Amino acid sequence: MKLTPLMSLLIILSYSTASLAKGTYQTPKAFISQALQTSTAKAKVFWLDDDAQTVIENILAHKFNKMRIRYWQKGRETVWILNEIGKESPITVGIHVKNKQIEQIKVLIYRESRGDEVRHAFFTDQFKAAKLNDDLTLNRHIDGITGATLSVRALTKLSRIALWLDAKIQNKD
């Protein structure tokens, strides 16, 4: 069967729309440098004990098969580069915590075919100054985005984890 120009165009459009939402919006290294305002931040490691593993798995509502999480710290500020599955693929998110509240959250790499609206400031600005309640929920409501429900949930879960981890780090100091 010979492809007509219209059939070729339809094939190209079907492939391009599936990849429209995917992208790298900022490298983790650039986010860390920008958030902590230094290019020399060295990674530290938070080793997960059984309690930490349980808390993280409760927030995620699934298994978390890691023994450690890397983070960057400058004084009382921490930066976490975390991943969570949206619908099918990981979303890489940078979370900057300062004074036990979210200073900034940014989608760094988005691999899903749709739902990338979560990368825009109109959505991520909702997390600014969010804190963690005693029951490990955020102290504010995060509005969803139609068609991006799983991505919204992923960013909300990761923000809760980053705040919990930051509290653990700050309590050690």
Side-chain angles (χ1 to χ4, degrees), residues 24-29 31-32 34-36 41-119 123-145 147-173:
T24 299
Y25 304 110
Q26 187 174 22
T27 66
K29 184 177 179 179
F31 178 79
I32 295 160
Q34 174 261 316
L36 297 178
K42 294 204 185 315
K44 295 184 176 190
V45 176
F46 184 95
W47 289 94
L48 300 175
D49 59 17
D50 289 342
D51 290 337
Q53 193 82 26
T54 299
V55 168
I56 291 171
E57 288 178 356
N58 285 340
I59 290 171
L60 292 174
H62 64 75
K63 282 292 223 190
F64 186 73
N65 295 320
K66 293 192 181 209
M67 296 172 50
R68 62 184 182 262
I69 298 175
R70 291 182 351 153
Y71 69 98
W72 293 260
Q73 184 174 17
K74 180 180 168 189
R76 308 287 292 166
E77 300 176 54
T78 57
V79 171
W80 306 86
I81 306 296
L82 302 170
N83 292 291
E84 174 60 340
I85 302 291
K87 182 176 182 181
E88 298 169 345
S89 300
I91 303 168
T92 302
V93 180
I95 304 166
H96 177 199
V97 180
K98 182 177 181 181
N99 300 322
K100 298 186 179 186
Q101 63 185 16
I102 293 178
E103 181 76 10
Q104 178 186 16
I105 184 170
K106 184 166 186 181
V107 174
L108 304 178
I109 305 168
Y110 195 82
R111 298 172 186 90
E112 296 283 359
S113 60
R114 57 178 48 110
D116 73 323
E117 295 88 352
V118 296
R119 72 184 170 96
F123 176 74
T124 58
D125 283 351
Q126 297 180 85
F127 290 90
K128 286 183 181 175
K131 296 180 180 181
L132 198 61
N133 293 322
D134 291 338
D135 66 353
L136 303 180
T137 59
L138 295 180
N139 69 338
R140 61 181 53 200
H141 174 74
I142 302 297
D143 287 332
I145 299 172
T149 303
L150 298 176
S151 297
V152 169
R153 286 182 189 156
L155 267 67
T156 303
K157 290 175 182 182
L158 293 177
S159 66
R160 293 167 56 202
I161 291 169
L163 286 166
W164 185 83
L165 290 166
D166 176 75
K168 291 295 181 190
I169 297 298
Q170 302 304 339
N171 289 340
K172 284 183 182 180
D173 295 343

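Only a predicted model underlies this, so the values are computations on that prediction, with no experimental measurement involved.
Taking Ile109 as the reference, Thr24, Thr92, Arg111 meet the side chain to side chain contact (heavy atoms under 4.5 Å, CB included) condition, with sequence neighbours excluded. The side chain to side chain contact (heavy atoms under 4.5 Å, CB included) test applied to Asp50 returns no partner, not counting sequence neighbours. Remark: Phe123 engages Phe127 in a ring pair (Phe, Tyr, Trp, His ring centres under 6.0 Å) (not counting sequence neighbours). Partners of Asn133 under the side chain to side chain contact (heavy atoms under 4.5 Å, CB included) rule, at least two apart in sequence or in another chain, are Asp135, Thr137, Asn139. Contacts of Glu57 classified as side-chain hydrogen bond (donor to acceptor under 3.5 Å, both in side chains), with partners at least two apart in sequence or in another chain: Gln53. Lys100 meets the side-chain hydrogen bond (donor to acceptor under 3.5 Å, both in side chains) test with no other residue; sequence neighbours excluded. Contacts of Asn65 classified as side-chain hydrogen bond (donor to acceptor under 3.5 Å, both in side chains), with partners at least two apart in sequence or in another chain: none. By the salt bridge (charged side-chain N to carboxylate O under 4.0 Å, His left out) test, Lys128 is found to be paired with Asp125, residues two or more places apart in sequence or in another chain being considered. The side chain to side chain contact (heavy atoms under 4.5 Å, CB included) search around Gln26 returns Ala30, Phe31, Gln34, Lys106, Leu108, not counting sequence neighbours.
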Check residues 84-91 and write down every donor-acceptor pair under 3.5 Å in which the side-chain atom is one partner and the other belongs to a residue at least two apart or another chain.
from	atom 1	to	atom 2	distance (Å)
Glu84	OE1	His62	NE2	3.1
Glu84	OE2	His62	NE2	2.9

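The ring-ring contact (aromatic ring centres under 6.0 Å, His included) analysis of residues 74-104, with sequence neighbours excluded, yields the pairs Tyr71-Trp80. Applying the side chain to side chain donor-acceptor pair (under 3.5 Å) rule to pairs touching residues 149-160 yields Tyr110-Ser151, sequence neighbours excluded.
Side chain of Glu117 to main chain of Arg119: no donor-acceptor pair is present (N/O by atom type, distance under 3.5 Å, no hydrogens or angles). Listed for the Glu77 side chain is no donor-acceptor partner under 3.5 Å among the backbone atoms of Leu36. Remark: the backbone N or O of Ala162 is not paired with any side-chain donor or acceptor of Asp166 at under 3.5 angstrom.
The side-chain heavy atoms of Leu82 and Ile161, taken from C-beta on, include a pair separated by under 4.5 Å.
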